[in-house]
Amino acid sequence: MPKFNLKHIEAFVHVADLGSFRRAAARLNTTQPNISNRISQLEHHLRLTLMDRDAGSVRLTREGRQLLGPARRILAAVDGFLEATGDGTVFDGLLRLGVTELVAQTWLRPFLIQMKDRFPAVDVELTIDLSENLSNLLFAREIDLAFQNGPFDQRTPNTEPLGQSPYIWVAAPALGFPAGPVAADQIARHRILTHARGSYPFTQLDAHFRQIEQPVRLVPSSNIAACLQMANDGLGVACVPALMVAEALAAGRLQVLDYDWHPEDLHFAARWLVDPAPTFLIAAVAIAAGLYPPEDHD
């Protein structure tokens, strides 16, 4: 029997993916010397050099690249073994999840409840941020899974569409907008509350009003919930995803404005790089797809 175990294989795959003993140690909740020892022991038992270490960076050797695929299959087989029990309680670990504010403000809570019910020993470490920032975290492998909206500058090998949400214009009834069509100059009399400067929706809004030569006051915010509160208080007109205002519209705090232009719909997807992806990550994607409001699916 070989004189190495699953921890050695796990360390090898994580160092290969993260490019760092320190980051692999943090991900596996151990110390850097432990990870270094596991790699050294694995290399000793295999009589191979798997990695070249150079000033803090790590690169796989030819032999390391050849063995990475089989190492991933070992981890996948162990995960499949646990999955075959049909019991989510046998899984433990950490899912580092990144979500946008729209997700956090709408279906994140039932998602977390379902995850806890199905995998009680799996902890979800949550990051809420702009979609662009989530992409950076994903490719830096600081998070394992992102529920985010496009467009995406970088492709991931694993992407699962979740649904989409159209944009609508809303305002407090106290602002006195008519029930019928609204013109650009009527909207321009008020502050326009929307996404952060530099975001894709903000850029589209800015370009639209420049194209029609209509001066406006765009008030960007990285916190759309704050924009909606300002809109509720009659401090401006908001252009936001429909999902985020369903409750306010139903309660009559906001009304929909019939303006004939909107930013492009937000298309949401689950994206991940983890290979092999553990059962609980794949289950998280399925739970998210089931929770995304049906009326906003393609």
Side-chain angles (χ1 to χ4, degrees), residues 1-98 115 118-127 135-146 154 156-158 271-285:
M1 293 292 291
K3 296 179 181 179
F4 56 87
N5 57 38
L6 190 62
K7 287 188 176 181
H8 294 87
I9 302 297
E10 192 176 43
F12 171 53
V13 171
H14 277 79
V15 172
D17 284 344
L18 298 173
S20 162
F21 286 83
R22 176 185 58 80
R23 295 176 68 190
R27 186 69 181 92
L28 294 173
N29 196 29
T30 187
T31 65
Q32 183 171 333
N34 277 347
I35 294 296
S36 182
N37 286 338
R38 291 175 193 176
I39 297 300
S40 295
Q41 290 167 4
L42 183 61
E43 290 179 323
H44 174 76
H45 293 311
L46 296 176
R47 300 178 184 177
L48 294 171
T49 299
L50 302 176
M51 298 176 176
D52 289 326
R53 293 84 157 168
D54 180 22
S57 65
V58 179
R59 297 186 307 277
L60 292 181
T61 63
R62 180 175 62 86
E63 291 81 6
R65 293 192 297 271
Q66 289 175 342
L67 290 176
L68 183 57
R72 293 192 194 279
R73 290 194 288 275
I74 290 172
L75 297 183
V78 172
D79 186 81
F81 177 77
L82 295 176
E83 184 181 12
T85 68
D87 182 2
T89 65
V90 301
F91 289 90
D92 62 11
L94 175 67
L95 176 64
R96 301 173 302 171
L97 175 65
M115 280 293 294
R118 186 165 174 186
F119 302 99
V122 173
D123 294 321
V124 177
E125 180 180 291
L126 188 63
T127 298
S135 289
N136 293 335
L137 292 173
L138 187 67
F139 281 91
R141 294 187 181 268
E142 298 293 332
I143 58 175
D144 305 313
L145 175 65
Q154 294 176 281
T156 55
N158 306 293
R271 305 208 302 160
W272 67 98
L273 300 175
V274 180
D275 182 18
T279 291
F280 57 78
L281 187 152
I282 300 301
V285 174

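Along the sequence shown, residues carry numbers from 1.
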- Do F12 and I39 have side-chain heavy atoms sitting under 4.5 Å apart? yes

- Item | Side-chain heavy atoms of N158 within contact of V285, under 4.5 Å | no

- Item | Test item: E83 and F91 side chains (from C-beta on) under 4.5 Å apart, heavy atoms | yes

- Item | E43 (side chain) donor-acceptor with L50 (main chain) under 3.5 angstrom | yes

- Query: Between atom CH2 of W272 and atom OG1 of T156, what is the distance when rounded to the nearest 0.5 Å?
  - Reply: 8.0 Å

- Message: Rounded at 0.5 Å granularity, tell me how far CG in L67 sits from CZ in R62.
- Response: 10.0 Å

- Message: Please determine whether side chain to side chain contact (heavy atoms under 4.5 Å, CB included) holds for the pair E142 and N136, giving the CA-CA distance in whole Å, both sets of side-chain angles, and the decisive distance to 0.1 Å.
- Response: CA-CA 9 Å; E142 298 293 332; N136 293 335; over 6 Å; no

- Task: Decide yes or no for L95 and F119: does some side-chain heavy atom of the first lie under 4.5 Å from some side-chain heavy atom of the second?
- Result: no

- Query: When you measure from the side chain of T61 to the backbone N and O of T49, does any donor-acceptor pair fall under 3.5 Å?
  - Reply: yes

- What residue among T31, V58, N34 forms side chain to side chain contact (heavy atoms under 4.5 Å, CB included) with F21? V58

- Okay, side chain of R72, backbone of D275: is any donor-acceptor separation there less than 3.5 Å? yes

- Task: Heavy atoms only: give me the nearest R271-S135 pair and the separation to one decimal.
- Result: NH2-OG, 3.0 Å

- Do I143 and L97 come close enough that some side-chain heavy atom pair is under 4.5 Å? no

- On a heavy-atom basis, the closest approach of A24 and V15 is CB-CG2, 3.6 Å

- Can you measure from CG (L42) to CG (L48) and round to the nearest 0.5 angstrom? 9.0 Å

- Test item: R96 side-chain N/O and R141 main-chain N/O as donor-acceptor pair under 3.5 Å: yes

- Message: Take a 6.0 Å sphere around CG of D87 and say whether it holds more than 12 heavy atoms from other residues, nucleotides or ligands.
- Response: yes

- Query: Distance-only, no hydrogens or angles: does the S40 side chain make a donor-acceptor pair with backbone N or O of S36 under 3.5 Å?
  - Reply: yes

- Task: Drop me the distance from N5's CG to H45's NE2, to the nearest 0.5 angstrom.
- Result: 9.0 Å

- Message: If I compare all heavy atoms of V13 with all of A71, which pair ends up nearest, and what's the gap?
- Response: CG2-CB, 3.7 Å

- Query: Rounded to the nearest 0.5 Å, what separation is found between the CD1 atom of I35 and the NZ atom of K7?
  - Reply: 9.5 Å

- Message: Testing the basics here: between L68 and A16, what is the closest heavy-atom pair and its distance to 0.1 Å?
- Response: CD1-CB, 3.8 Å

- Query: Quick one: are V274 and D17 in side-chain contact, heavy atoms under 4.5 Å?
  - Reply: no

- Sub-4.5 Å side-chain heavy-atom contact between L273 and P157: yes

- Message: Determine whether a donor-acceptor pair (N or O, by modelled atom type, separation under 3.5 Å) exists between the side chain of R65 and the backbone of L60.
- Response: yes

- Provide the closest heavy-atom pair for G88 versus P120 in the form atom of the first, atom of the second, distance. O-CD, 4.3 Å

- Should F4 and R38 count as side-chain neighbours, where that means a heavy-atom distance under 4.5 Å? no

- To the nearest 0.5 Å, atom CD of E63 lies from atom CD of Q66 at 6.0 Å

- Query: Would D79 and T279 count as a side chain to side chain donor-acceptor pair (under 3.5 Å) if you check the C-alpha gap in whole Å, the side-chain angles of each, and the deciding distance to 0.1 Å?
  - Reply: CA-CA 7 Å; D79 186 81; T279 291; 2.4 Å; yes

